[in-house]
Amino acid sequence: QVQSLNLYLEQKVKQRTAKLQSSVKFETLIRKVTEKVRDSLDEPQILQTVTQEIGRVLNIERCKIELYNSDHSIATVAYEYAIESPNCQGTVRQVDNFPELYQQLLQKQSLQFVEKVPELNPSKVQATRLVCPIFDDQGILGNLWLLRPKEELFEQSEITLVEQVANQCAIAIRQARLYQQSQIQVEELAKLNIIKDDFLRSISHELRTPMSSIQLASETLEALLEKEIG
């Protein structure tokens, strides 16, 4: 009984230690992603870092971020981390071709399921997928996909972590796009200023000759009048 109790306690200690280590890793990941979002406005750099860090911390085979177009009809894999080929970055999906999947994702629901993964070799291999929507109060932007062997399910703590990371991704995307829009507006204003300066310079040049003629004529007329008057 004592030996059984010691074995039970050792297992509990190991489980507790593993949970603590996971918590530390998760907190470190969230802090790193948050700092990246706060310190950078480079969307590709931030999201590529997110996929790499999630893959490293959760020890998964593949992690990718897909982004929607403006009307949510197309989803494109924009960033990916994979420990082996093939690379799916740039793959485009028509949302209407997967109605059951994307209907739930567009309603901001995270999903975990097992399915055959065509990008793996052989293509009939099944794997566990976790998909978390990337969204904020302004709408949904894309999805964060994770992949594991079918025997390894994602625990609730891992799902919560990925959802938190997805929220940070939404902040990063919004900030980066807002910054890009502001930069475009600044460039357009600079171009307008150049056009305005060129216009004023041209007008000034065009007016200089007739103004000189008018001044000469007025001086001549003044001289003639002074001579006639007296």
Side-chain angles (χ1 to χ4, degrees), residues 25-26 28-98 101-113 115 117-120 127-148 152 154 157-181:
K25 288 182 179 180
F26 293 173
T28 301
L29 173 59
I30 290 295
R31 185 173 63 253
K32 187 169 185 177
V33 171
T34 304
E35 290 175 352
K36 198 74 174 177
V37 170
R38 187 183 63 237
D39 298 338
S40 176
L41 292 170
D42 188 340
E43 177 183 334
Q45 183 182 17
I46 294 173
L47 298 185
Q48 191 64 52
T49 300
V50 167
T51 57
Q52 293 174 354
E53 289 299 319
I54 289 181
R56 183 182 61 83
V57 171
L58 298 185
N59 192 27
I60 59 176
E61 296 182 4
R62 192 177 296 270
C63 175
K64 60 185 180 183
I65 294 175
E66 66 175 7
L67 299 177
Y68 293 114
N69 62 344
S70 58
D71 61 359
H72 302 104
S73 62
I74 297 175
T76 304
V77 178
Y79 310 96
E80 183 181 29
Y81 162 83
I83 59 176
E84 59 183 20
S85 60
N87 192 308
C88 300
Q89 190 159 332
T91 303
V92 177
R93 264 186 172 183
Q94 294 289 336
V95 171
D96 291 341
N97 294 340
F98 306 89
L101 172 64
Y102 283 101
Q103 184 177 3
Q104 297 180 72
L105 292 176
L106 289 170
Q107 293 176 355
K108 305 175 182 179
Q109 298 178 12
S110 297
L111 302 173
Q112 180 173 199
F113 52 91
E115 69 168 358
V117 183
E119 59 260 31
L120 297 182
T128 300
R129 287 190 187 271
L130 173 64
V131 195
C132 295
I134 299 172
F135 66 92
D136 58 9
D137 55 354
Q138 299 181 46
I140 187 165
L141 298 164
N143 302 297
L144 185 55
W145 289 75
L146 284 73
L147 184 145
R148 269 181 175 168
E152 302 178 19
F154 290 90
S157 59
E158 295 175 320
I159 297 174
T160 302
L161 168 71
V162 177
E163 290 175 341
Q164 292 176 350
V165 172
N167 291 336
Q168 293 296 321
C169 288
I171 296 173
I173 293 171
R174 291 294 187 194
Q175 287 184 169
R177 293 182 179 179
L178 182 61
Y179 175 73
Q180 289 178 351
Q181 291 176 357

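Heads up: numbering here begins at 1 and tracks the sequence.
Taking 4.5 Å as the limit, some side-chain heavy atom of Ser110 sits within range of a side-chain heavy atom of Glu163. A 4.5 Å side-chain heavy-atom check between Cys132 and Val162 finds at least one atom pair inside the cut-off. Contact check for Leu58 versus Leu161: side-chain heavy atoms found under the 4.5 Å cut-off. When side chains are defined from C-beta on, Tyr102 does not count as touching Asn97, because their heavy atoms never get closer than 4.5 Å. Taking the side chain as every heavy atom from C-beta outward, Leu130 and Ile159 approach each other to under 4.5 Å. Under the 4.5 Å side-chain criterion, counting only non-hydrogen atoms from C-beta, Leu105 is in contact with Leu111. Using a 4.5 Å heavy-atom cutoff, the side chains of Ile65 and Asn143 are not in contact.
Within the structure, salt bridge (Lys or Arg N to Asp or Glu O under 4.0 Å) pairs that include any residue of residues 169-178 comprise Glu43-Arg177, Asp136-Arg174 (at least two apart or interchain). Applying the ring pair (Phe, Tyr, Trp, His ring centres under 6.0 Å) test to pairs two or more places apart or on separate chains, none has a residue in residues 46-65. For residues 46-75, every residue pair satisfying the ring pair (Phe, Tyr, Trp, His ring centres under 6.0 Å) rule, not counting sequence neighbours, is listed here: Tyr68-His72. Applying the salt bridge (Lys or Arg N to Asp or Glu O under 4.0 Å) test to pairs two or more places apart or on separate chains, those with a residue in residues 45-60 are Lys32-Glu53, Glu53-Arg56.
In this structure, Gln48 contributes its side chain and Glu80 its backbone to a donor-acceptor pair below 3.5 Å. Here the side chain of Asn167 pairs no donor or acceptor atom with the backbone of Ile171 at under 3.5 angstrom.
Every residue meeting the side-chain contact (heavy atoms from CB on, under 4.5 Å) condition with Leu178, not counting sequence neighbours, appears here in chain and number order: Gln181. With sequence neighbours excluded, no residue satisfies side-chain hydrogen bond (donor to acceptor under 3.5 Å, both in side chains) with Gln104. With sequence neighbours excluded, no residue satisfies side-chain hydrogen bond (donor to acceptor under 3.5 Å, both in side chains) with Thr76. For Glu115, the salt bridge (Lys or Arg N to Asp or Glu O under 4.0 Å) partners at least two apart in sequence or on another chain are Arg129. Take Asp42 and apply the side-chain contact (heavy atoms from CB on, under 4.5 Å) test, not counting sequence neighbours, and it matches Ser40, Pro44, Gln45. For Thr128, there are no side-chain hydrogen bond (donor to acceptor under 3.5 Å, both in side chains) partners two or more places apart in sequence or in a different chain. When the side-chain hydrogen bond (donor to acceptor under 3.5 Å, both in side chains) test is applied to Asp96, no partner is found at least two apart in sequence or on another chain.
For the atom pair CG (Leu144) and CD (Glu66), the distance works out to 10.0 Å, reported to the nearest 0.5 Å. Note that SG of Cys169 is 10.0 Å distant from OH of Tyr79, once rounded to the nearest 0.5 Å. Interatomic distance, Trp145 CH2 to Ile54 CD1, rounded to the nearest 0.5 Å: 14.5 Å. In this structure, CG on Leu147 lies 7.0 Å from CZ on Phe154, to the nearest 0.5 angstrom. In this structure, SG in Cys88 is found 5.0 Å from CZ in Arg62, a value given to the nearest 0.5 Å. Gln103 contributes atom CD, which lies 9.0 Å from atom CD of Gln109 (distance to the nearest 0.5 angstrom).
Salt bridge present: Glu158 and Arg148 bring a charged side-chain N and a carboxylate O closer than 4.0 Å.
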Applying side-chain contact (heavy atoms from CB on, under 4.5 Å) to Ile173 and Gln168, what does each step give before you reach the verdict?
CA-CA 9 Å; Ile173 293 171; Gln168 293 296 321; over 6 Å; no
